[in-house]
Structure formats: C-alpha cells, structure tokens
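Fair warning: this is a prediction, and the values are worked out from it, not measured in the lab.
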Amino acid sequence: MSSQLFDDRAVDDAAARPRYPVTLTDRLAADLPTDRTLRVLAAAAGTGTVLDSLIPALGARHDYVAIDTSPGLTEVGRRRFPDVHWRVEPVEPVLERLYAELDLITVGQALHRLERDRFLRATRGALRPGGLLAVLQHEAAPDVSEELSAVFGADAVEEVAVPGAARMTLARRG
C-alpha cells in the first residue's frame, strides 16, 4: 500500500484505529528497567497507536523515537505526541546503524509493512542485552512467534494475550 494512501487517511486512522489494551503495555513496562531513562523506538509507528498506551505505562521521562514512511501519518503523530521525536524514513536502515543502543522496539499492527527478515535481524542488533522487541497485534493477525524465535531463539520469545482483544509477542535479546 502506498504512503500516499496512508497520508490521505491519516486523521481518520488516528481516530478509528483500535487501541491496544493497557494490560499489554503494563505487562511490557514490568519487564523493563526502572532505574534509568530508556531508549524506545516505535517502528512503523503510524499516528502513534502503540504510544497511546505505552507512554502512560512507561512514563514520559524516556527517550521516544517514532519512525514511519508516511509523512501524513507522522504529522498526525507529531501533533498527538509532541514530545516524541518523529522521523519519516524506512526503519530498517536506522536499526542497522545502531548496535546495542535501544531498550525497547515496538511495532503494532504494521509488521506486514516492513521488510520482515531485515527488520527482525536489525532489531536484534539494535537492542541492548536484555532489550525487548514487542510486536502488538489485534487477535486476528497472524502469529509471529516462530519468526521471532528464528532470530532471537525459542527461549527468548513469549506471547501475552488478552482474549478477544489483542496479543503481544515479546522477544528478548540475550
């Protein structure tokens, strides 16, 4: 789907997109350090749907970066979350330039918009030891745990579900 199509629907997308249950982001926050400022990257961030529940769960004191290829979605996201650093570009090359620098990388219902293999491998390298990739999806989306296990190892992947609503697949860098 073209970036222009997303741009044309950006405001509608922000208003209509279902939110992720707070129980998922609260669970995610419980797995992260609380004694320092975290570096968080929201990949394929759109208008910031994941940030809706993530920022309240983690707190605003952390360094948030949101990346999307759609200028329209990103502009709406900037207005919704002005304290987040927004970038319009593909996320894969950004992650490939980082080594063990991020505590958390999130991707919502947009994993299909990314170069999946490249994204997952780059994510593993960009995360600090103990850092997390969180893939948040609505329940009808395809399961991604096997893909994450292939990159992070089966013991590093965990699925958390809110029946009838959504699920989150976590992968921890060892």
Side-chain angles (χ1 to χ4, degrees), residues 13-14 16-68 73 77 80-81 84 91-92 94-95 98 100-174:
D13 180 80
R17 188 166 295 274
R19 301 305 185 239
Y20 296 103
V22 173
T23 52
L24 293 180
T25 50
D26 285 349
R27 167 65 171 68
L28 178 57
D31 277 357
L32 292 165
T34 58
D35 61 340
R36 61 182 168 79
T37 300
L38 302 176
R39 295 196 62 207
V40 178
L41 186 144
T47 61
T49 304
V50 171
L51 298 173
D52 278 322
S53 56
L54 183 65
I55 291 173
L58 292 179
R61 71 182 179 101
H62 303 293
D63 295 328
Y64 293 95
V65 174
I67 300 177
D68 199 280
L73 294 177
R80 294 180 68 220
F81 301 99
V84 171
V91 70
E92 297 87 352
V94 173
L95 292 171
L98 301 174
E101 296 182 38
L102 300 173
D103 297 290
L104 173 63
I105 299 169
T106 65
V107 63
Q109 196 75 27
L111 192 58
H112 64 281
R113 291 180 45 212
L114 303 173
E115 294 179 48
R116 275 167 107 119
D117 291 339
R118 184 179 179 193
F119 170 75
L120 292 175
R121 292 189 194 302
T123 293
R124 189 176 187 291
L127 287 169
R128 292 179 179 174
L132 289 171
L133 167 63
V135 179
L136 291 94
Q137 299 177 292
H138 300 292
E139 205 170 48
D143 183 5
V144 297
S145 55
E146 280 188 35
E147 285 179 90
L148 272 59
S149 293
V151 175
F152 288 86
D155 292 344
V157 176
E158 176 185 0
E159 181 123 343
V160 180
V162 176
R167 70 172 173 262
M168 174 174 65
T169 308
L170 298 173
R172 183 177 303 274
R173 180 177 177 194

Quick check: do [X] and [Y] have side-chain heavy atoms less than 4.5 Å from each other?
{"X": "Leu54", "Y": "Leu136", "result": "no"}
{"X": "Val91", "Y": "Leu41", "result": "yes"}
{"X": "Leu38", "Y": "Leu104", "result": "no"}
{"X": "Val160", "Y": "Thr23", "result": "no"}
{"X": "Arg172", "Y": "Phe152", "result": "no"}
{"X": "Val107", "Y": "Arg113", "result": "no"}
{"X": "Phe119", "Y": "Leu95", "result": "yes"}
{"X": "Val151", "Y": "Thr123", "result": "no"}

So, for [X] and [Y], which heavy atoms are closest and what is the spacing to 0.1 Å?
{"X": "Arg80", "Y": "Thr49", "answer": "NH1-N, 4.2 Å"}
{"X": "Leu127", "Y": "Leu132", "answer": "CD2-O, 3.4 Å"}
{"X": "Ala57", "Y": "Ala29", "answer": "O-CB, 3.7 Å"}
{"X": "Pro56", "Y": "Leu51", "answer": "CD-O, 3.8 Å"}
{"X": "Leu32", "Y": "Asp103", "answer": "CD2-O, 3.8 Å"}
{"X": "His62", "Y": "Leu58", "answer": "NE2-O, 3.2 Å"}

Distance in Å, [X] [atom1] paired with [Y] [atom2], rounded so as to fall on 0.5 Å steps:
{"X": "Asp52", "Y": "Thr25", "atom1": "CG", "atom2": "OG1", "result": "9.5 Å"}
{"X": "Leu111", "Y": "Arg116", "atom1": "CG", "atom2": "CZ", "result": "4.0 Å"}
{"X": "Gln137", "Y": "Asp143", "atom1": "CD", "atom2": "CG", "result": "7.5 Å"}

Give a yes or no on whether the backbone of Ala122 and the side-chain of Glu92 come within a donor-acceptor separation of less than 3.5 Å.
-> no
Would you say Glu159 has more than 12 foreign heavy atoms packed within less than 6.0 Å of its CD?
-> yes
With Ser149, which of Asp155, Thr169, Val157 fulfils side-chain contact (heavy atoms from CB on, under 4.5 Å)?
-> Val157
Decide side-chain contact (heavy atoms from CB on, under 4.5 Å) for Tyr20 and Val50; before the verdict, give the C-alpha distance in whole Å, the side-chain angles of both, and the deciding distance to 0.1 Å.
-> CA-CA 7 Å; Tyr20 296 103; Val50 171; 3.7 Å; yes
Test side-chain contact (heavy atoms from CB on, under 4.5 Å) applied to Tyr64 and Arg39, step by step | CA-CA 6 Å; Tyr64 293 95; Arg39 295 196 62 207; over 6 Å; no
Between Arg27 and Asp31, is the closest basic N to carboxylate O distance under 4.0 Å?
-> yes
